[in-house]
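Heads up, the thing below is written out as structure tokens.
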Amino acid sequence: MLDIKTIRENPDLVKTGALNKNDKCDIDKVLALDEKRREIIHQVEALKGERNTASGEIAKKKKAGENADDAIAAMRAVGDKISALDESQRQVDQELNELMAWIPNMPHESVPVGADESANVIIREWGEIVKPKFKVLPHWEIGEKLDILDLAGGAKISGSGFYVLKGAGAKLQRALIAYMLDLHSADGFLEVSVPHIVTADTMYGTGQLPKLADDMYQTDDGGMFLIPTAEVPVTNLYKKEIIDHDKLPVKMVAHTPCFRREAGAAGKDTRGMIRVHQFDKVEMVMIVKPDESYDHLETLTAQAEKVLQGLKIPYRVSTLATGDLSFAAAKCYDIELWSSGIERYLEISSISNFEDFQTRRMQCRYRNEDRKVTYPHTLNGSGVALARLIPAILENYQNEDGTITIPDVLQPYMHGTVRIG
RNA sequence: GGAGGAGUGGCUGAGUGGUCGAAAGCGGCGGUCUUGAAAACCGUUGUGCAGCAAUGUACCGAGGGUUCGAAUCCUUCCUCCUCCGCCA
């Protein structure tokens with residue numbers, strides 16, 4: 001949610017921001033409703049003041065045993081006017097809130113302007129891509145061969161877009177989760193375990209609703225949603241809270257499954273584990289002071305990179321262009337890692353700064369050093385997504401004899417297993 | 001699922017229709033005192049909205065209603081607690 005004052009004072013800036021995000025929202029209508037709302041407030045508050053004064057006098061008269069029928073009759077008329085104005089304010093408020101909920105966050109000034117991902121800017125690369133001397137099998141082939149990945153089983157029980165991990169595959173995922181949680185915990189992130197089903201209000205708080213409703217699974221009554229990312233429950237832990245400044249930055253990490261309908265994505269990246277309806281992810285969330293949020297965006301990105309550096313998998317980091325930026329984000333880095341079997345980069349982590357967009361929606365505030373209550377900034381970053389990481393390991397750590405070497409950092413978590421197959 | 005009970009400011013807790021945004025205590029902040037600290041004493045201490053401001057207005061779990069007027073009455077919902085049932 002943007003500040004209505006920002007929209008009021010810089011409507012053109014907001015319009016440009018939305019346009020650069022390829023988002024059509026009606027800023028002029030918002031401005032008109034805002035105007036109307038303030039007009040009503042003026043009127044109704046004057047009347048309420050009148051009523052409050054008169055009420056005091058009526059009370060005094062009654063106490064003194066005097067007759068107050070005239071004043072009461074007069075106030076009855078005022079009361080009717082107030083009710084009517086209250087009602088129209090309610091309507092304007094509702095309409096305004098609905099429109100505001102659809103206005104995207106503005107891109108930060110450092111974000112490259114561009115219509116789509118082709119305008120993303122690669123800012124650094126890590127590790128060396130070594131082309132193996134043998135033909136590396138894509139993860140779905142090696143996975144089935146080693147009997148650690150069962151795509152047919154997933155399809156049988158849940159339909160296409162679901163996978164089953166078995167034996168060493170399942171253990172590998174568990175090892176990765178433990179490795180990542182331990183890594184982030186050691187760096188000060190509080191590990192939390194959270195519900196995977198949340199209310200609409202919670203989805204609204206981080207900006208998934210109303211815009212992304214079609215991308216999510218929801219209960220039949222429409223009241224509850226399966227989380228598409230741990231960002232939603234973890235960030236919303238601070239919904240409607242006022243945090244003391246000395247508690248910032250808040251750093252949390254959680255492992256959850258993520259549920260995504262991927263409506264309209266049929267036919268794109270459908271092979272293997274790359275695009276699925278349910279996958280596990282370790283996610284980091286930060287709540288920070290506003291003037292520090294862009295520094296934290298860098299450290300949070302570095303924290304996600306640490307996972308891949310530990311695993312010794314080559315990757316690159318890019319800044320998303322405005323057109324590729326999500327609804328709620330002001331700036332976002334993507335980390336893509338190289339997968340040598342399918343011979344392409346896979347998006348494995350997004351690290352975003354939402355500034356105060358989410359905290360406004362959630363009504364999450366903090367009391368700063370001057371005891372003033374204001375909105376902190378939120379950030380989150382995958383640290384990282386398992387359904388992309390496992391394929392990368394199955395491919396990048398594949399040996400010529402069809403076995404998979406377990407990366408060094410995972411071996412303690414695999415109880416001494418050094419290779420699969 | 002059944003039966004009861006409760007939701008008031010950072011916390012505890014008073015308030016059952018008329019200056020109640022709300023007593024009191026604790027906590028926080030500022031000060032006096034002190035070499036310093038503690039104690040004691042004095043003062044101060046919620047959030048949103050509208051407004052340049054003065055100020056006004058709203059908020060006592062949430063929504064709706066009754067009334068000239070609601071923290072207080074009615075109603076629906078939510079959450080928590082206790083007991084019973086069920087259960088990983």
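In this text the structure is predicted, and so the values were computed from the model without any measurement.
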Counting just side-chain N and O atoms, does [X] come under 4.0 Å of either OP1 or OP2 of [N]?
| X | N | result |
| --- | --- | --- |
| A:N52 | B:rU19 | no |
| A:R51 | B:rU57 | no |
| A:R371 | B:rG28 | no |

Between [atom2] of [N] and [atom1] of [X], the distance in whole Å:
| X | N | atom1 | atom2 | answer |
| --- | --- | --- | --- | --- |
| A:K60 | B:rG17 | NZ | P | 21 Å |
| A:H42 | B:rC52 | NE2 | P | 8 Å |
| A:K61 | B:rU19 | NZ | P | 17 Å |
| A:D246 | B:rC29 | CG | C1' | 14 Å |
| A:K81 | B:rU57 | NZ | P | 17 Å |
| A:L96 | B:rC49 | CG | C1' | 13 Å |
| A:K240 | B:rU79 | NZ | P | 13 Å |
| A:Q43 | B:rU57 | CD | C1' | 15 Å |

For [N], give its Watson-Crick or G-U wobble partner with both distances under 3.5 Å, or none.
| N | answer |
| --- | --- |
| B:rA40 | B:rU32 |
| B:rG17 | none |
| B:rA70 | none |
| B:rC87 | none |
| B:rC60 | none |
| B:rA50 | B:rU55 |
| B:rA23 | none |
| B:rA6 | B:rU79 |

How far, in whole Å, is [M] from [N] if one measures between their [atom1] atoms?
| N | M | atom1 | result |
| --- | --- | --- | --- |
| B:rC73 | B:rG30 | C1' | 43 Å |
| B:rU57 | B:rG2 | P | 45 Å |
| B:rG65 | B:rC84 | C1' | 35 Å |
| B:rU19 | B:rA71 | C1' | 15 Å |
| B:rG13 | B:rG63 | P | 25 Å |
| B:rG56 | B:rU79 | P | 39 Å |
| B:rU16 | B:rC60 | C1' | 14 Å |
| B:rA3 | B:rC86 | C1' | 16 Å |

**Report entry** A:H277 side chain vs A:R260 backbone, donor-acceptor pair below 3.5 Å
**Finding:** yes

Indicate, with a heavy-atom threshold strictly under 4.0 Å, whether [X] touches base, sugar-phosphate, or nothing.
| X | answer |
| --- | --- |
| A:I41 | sugar-phosphate |
| A:G56 | nothing |
| A:R8 | sugar-phosphate |
| A:V78 | nothing |
| A:D244 | nothing |

Check ion pair [X]-[Y] (N to O, under 4.0 angstrom):
| X | Y | answer |
| --- | --- | --- |
| A:D408 | A:K312 | yes |
| A:D86 | A:K48 | yes |
| A:K289 | A:E369 | yes |

Just compare [options] and give me whichever is closest to any side-chain atom of [X].
| X | options | answer |
| --- | --- | --- |
| A:R365 | B:rC68, B:rG51, B:rG48 | B:rG48 |
| A:R37 | B:rG18, B:rC49, B:rU47 | B:rC49 |
| A:R90 | B:rG18, B:rU57, B:rG64 | B:rG64 |
| A:E45 | B:rG28, B:rG69, B:rA50 | B:rA50 |

Query raised in the report: Is it true that A:F225 and A:F259 have ring centroids separated by less than 6.0 Å?
Result: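 Ring centres of A:F259 and A:F225 not closer than 6.0 Å.
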
Requested in this report: May I ask you to check whether A:Y294 and A:H108 place their ring centres under 6.0 Å from each other?
Outcome: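 For A:H108 and A:Y294, the ring centres are under 6.0 Å apart.
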
Query - Of A:I72 and A:D34, the one whose closest RNA chain B nucleotide lies more 5' - result: A:D34

Query raised in the report: Relative to the 5' end of RNA chain B, which residue comes earlier, A:R38 or A:K62, by the nucleotide with the nearest heavy atom?
Result: A:K62

Query - Shortest non-hydrogen separation from A:A330 to A:L325 and the atoms involved - result: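 Scanning both residues completely, I find the closest heavy atoms to be O-CD2, 3.5 Å.
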
Query raised in the report: What heavy-atom pair brings A:R361 and A:G207 nearest, and what distance separates the two atoms?
Result: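 Of all heavy-atom pairs spanning A:R361 and A:G207, the closest is NH1-CA, 3.7 Å.
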
